[in-house]
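Throughout, numbering of the chain's residues begins at 1 and tracks the sequence.
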Amino acid sequence: MSGILTLVSTFIVGTLIPTIVRIVIAVLLYLIGSKLIQLVVNLTKKGLEKAKAEASVETFLLSAVRIVLYVLLGFVIVGYLGFATSSIVALVGSIGVTIGLALQGSLANLAGGVLILILKPFKVGDYIVAAGIEGTVTEIEIFYTSLCTPDNKKIVVPNGALSNTNITNVSHEPFRRVDFNLPVAYQSDLKQVKDVLAKLAQNNEMVEQDRDVNIFVNDFADSAIQIGFRVWTKSENYWALKWQMAEDVKAAFDENHIEIPFNQLDVNVKGTK
């Protein structure tokens with residue numbers, strides 16, 4: 001009987017009590033570590049707010065910081081409890097490699113989303129041309145970016161593709177230049193042509209009058225002189241000005257008897273006897 005009591009007391013003193021103490025300390029480590037992690041996250045959030053980071057960037061980075069710190073805290077607690085952290089690291093590493101190989105496309109999209117959110121080649125509301133498609137950006141998410149085409153179709157583009165291609169941000173600048181290449185007949189009075197175009201630019205409210213209006217001979221084509229006509233407008237007025245000016249040019253040329261040549265084909269029909 002005394003032997004059993006001795007074994008029980010030895011177990012309690014040598015094993016149970018130290019284990020309970022370790023568990024209690026591990027719980028305290030977790031509580032203290034959680035408070036420290038929250039402190040770091042709050043400081044990171046304040047830093048991002050001062051840097052005026054976008055909400056999507058802030059959310060992603062804060063989540064990443066929180067996850068990394070909790071993983072580190074987990075390794076500290078596991079190590080303190082006496083488990084072999086090297087074996088756990090190896091297991092986690094092998095699982096990570098397997099998951100990475102299976103989801104390498106998604107990871108590429110994730111990395112692309114991070115680059116887009118940080119570098120900001122475009123933002124919601126911009127009209128972009130990239131990866132063979134174009135449209136207005138409606139959403140920027142971690143894995144995908146959504147565009148709305150001019151004919152109101154939704155296109156979802158993987159961020160990995162966007163981050164590895166040339167991107168033309170059409171609406172990034174507040175002003176755009178509208179270019180016209182206008183053919184006129186060789187017998188046309190070039191001074192008259194220039195005066196007519198200059199008057200059209202001067203009288204159009206959408207043309208920015210404080211920016212240069214360029215009117216010049218661009219090329220001598222086979223059947224016409226190509227007149228270059230360039231004006232500036234606000235980005236939101238680009239298409240409206242382009243369409244209106246095309247009509248105004250045709251009406252003004254007709255009014256001033258300026259010929260717009262076009263290809264003609266003469267067909268001779270030979271009769272048979």
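The shortest side-chain heavy-atom distance between Asn169 and Pro121 does not fall under the 4.5 Å cut-off. The shortest side-chain heavy-atom distance between Phe229 and Met245 falls under the 4.5 Å cut-off. A heavy-atom distance below 4.5 Å is not found between the side chains of Glu259 and Phe253. With contacts defined as side-chain heavy-atom distances shorter than 4.5 Å, the pair Ile116/Ile140 qualifies.
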* To do: Please step through side-chain contact (heavy atoms from CB on, under 4.5 Å) for the pair Leu147 and Thr136, ending with a clear verdict.
  => CA-CA 5 Å; Leu147 306 179; Thr136 302; over 6 Å; no
* To do: Applying side-chain contact (heavy atoms from CB on, under 4.5 Å), run through Asp195 and Lys191 and close with a yes or a no.
  => CA-CA 6 Å; Asp195 288 343; Lys191 184 179 184 305; 3.1 Å; yes
* To do: Could you give me the CA-CA distance, side-chain angles and deciding distance for Ser235 and Arg176, then say whether side-chain contact (heavy atoms from CB on, under 4.5 Å) is met?
  => CA-CA 5 Å; Ser235 295; Arg176 288 185 65 187; 3.5 Å; yes
* Does the side-chain contact (heavy atoms from CB on, under 4.5 Å) test come out yes or no for Ile227 and Val217, once each step is laid out? -> CA-CA 5 Å; Ile227 303 296; Val217 175; 4.1 Å; yes
Using residues 24-37 as the side-chain source, report each donor-acceptor pair under 3.5 Å to any protein atom, sequence neighbours left out, with the distance given to one decimal.
unit_1: Ser34; atom_1: OG; unit_2: Tyr30; atom_2: O; d: 2.7

Using a 3.5 Å cut-off and no angle test, enumerate the donor-acceptor pairs between side-chain atoms of residues 127-134 and protein atoms at least two apart in sequence or in another chain.
unit_1: Tyr127; atom_1: OH; unit_2: Glu134; atom_2: OE1; d: 2.5

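With sequence neighbours excluded, no residue forms a salt bridge (charged side-chain N to carboxylate O under 4.0 Å, His left out) with Arg66. Residues passing the side chain to side chain donor-acceptor pair (under 3.5 Å) test with Asp189: none are found, sequence neighbours excluded. With sequence neighbours excluded, no residue forms a salt bridge (charged side-chain N to carboxylate O under 4.0 Å, His left out) with Asp248. When the side chain to side chain contact (heavy atoms under 4.5 Å, CB included) test is applied to Lys242, the partners found at least two apart in sequence or on another chain are Val178, Phe180, Tyr238, Trp239. With sequence neighbours excluded, no residue forms a side chain to side chain donor-acceptor pair (under 3.5 Å) with Asn164. Among residues two or more places apart in sequence or in another chain, the side chain to side chain contact (heavy atoms under 4.5 Å, CB included) test is passed with Glu173 by none. Thr149 meets the side chain to side chain donor-acceptor pair (under 3.5 Å) test with Asp151; sequence neighbours excluded. For Glu255, there are no side chain to side chain donor-acceptor pair (under 3.5 Å) partners two or more places apart in sequence or in a different chain.
Val231 and Leu200 fall within a single hydrophobic cluster, where Ile, Leu, Val, Met, Phe, Trp and Tyr are joined by side-chain heavy atoms under 4.5 Å apart, directly or via other members. Transitive grouping of hydrophobic side chains (ILVMFWY, heavy atoms separated by less than 4.5 Å) keeps Leu39 and Val65 in distinct clusters. A chain of hydrophobic side-chain contacts below 4.5 Å, direct or via other Ile, Leu, Val, Met, Phe, Trp or Tyr residues, connects Val184 to Ile260. Hydrophobic clustering keeps Val170 apart from Val157 (ILVMFWY residues linked when any side-chain heavy atoms are closer than 4.5 Å, directly or through intermediates). Grouping the Ile, Leu, Val, Met, Phe, Trp and Tyr side chains by contacts below 4.5 angstrom, directly or via other members, places Trp232 apart from Val213.
To the nearest 0.5 Å, the span separating CG on Leu241 from OG1 on Thr233 amounts to 5.0 Å. Here the CD1 atom belonging to Ile215 is positioned 11.5 Å from the CG atom belonging to Leu190, to the nearest 0.5 angstrom. Leu119 CG to Phe122 CZ: the interatomic distance, rounded to the nearest 0.5 Å, is 10.5 Å. In this structure, Lys120 NZ and Asp126 CG are separated by 12.0 Å, a value rounded to the nearest 0.5 Å. Between Asn237 atom CG and Gln244 atom CD the span is 10.0 Å, to the nearest 0.5 Å. If you take CG on Asn42 and NZ on Lys46, they are separated by 7.0 Å, rounding to the nearest 0.5 Å.
The heavy-atom pair separating Pro158 from Val156 by the smallest distance is CD-O, 4.0 Å. Here the shortest heavy-atom pairing between Pro261 and Pro183 reads CD-O, 3.8 Å. Nearest approach of Val196 to Ala252, heavy atoms of both residues: CG1-CB, 3.6 Å. Of all heavy-atom pairs spanning Ile258 and Gln192, the tightest one is CG1-OE1, 4.1 Å. Residues Ser188 and Val193 come closest through the heavy atom pair CB-CG2, 4.2 Å. The nearest pair of heavy atoms linking Tyr144 to Asn159 is N-ND2, 3.2 Å.
Between Asp254 and Lys250 a salt bridge is recorded (basic side-chain N to carboxylate O distance below 4.0 Å).
Residue pairs meeting the side-chain hydrogen bond (donor to acceptor under 3.5 Å, both in side chains) criterion with at least one partner in residues 203-220, sequence neighbours excluded, are Asn181-Asn218.
Between the Ser146 side chain and the Glu139 main chain, no donor and acceptor come within less than 3.5 Å of each other.
Alongside Val76, the hydrophobic cluster contains no other residue (criterion: ILVMFWY side chains under 4.5 Å).
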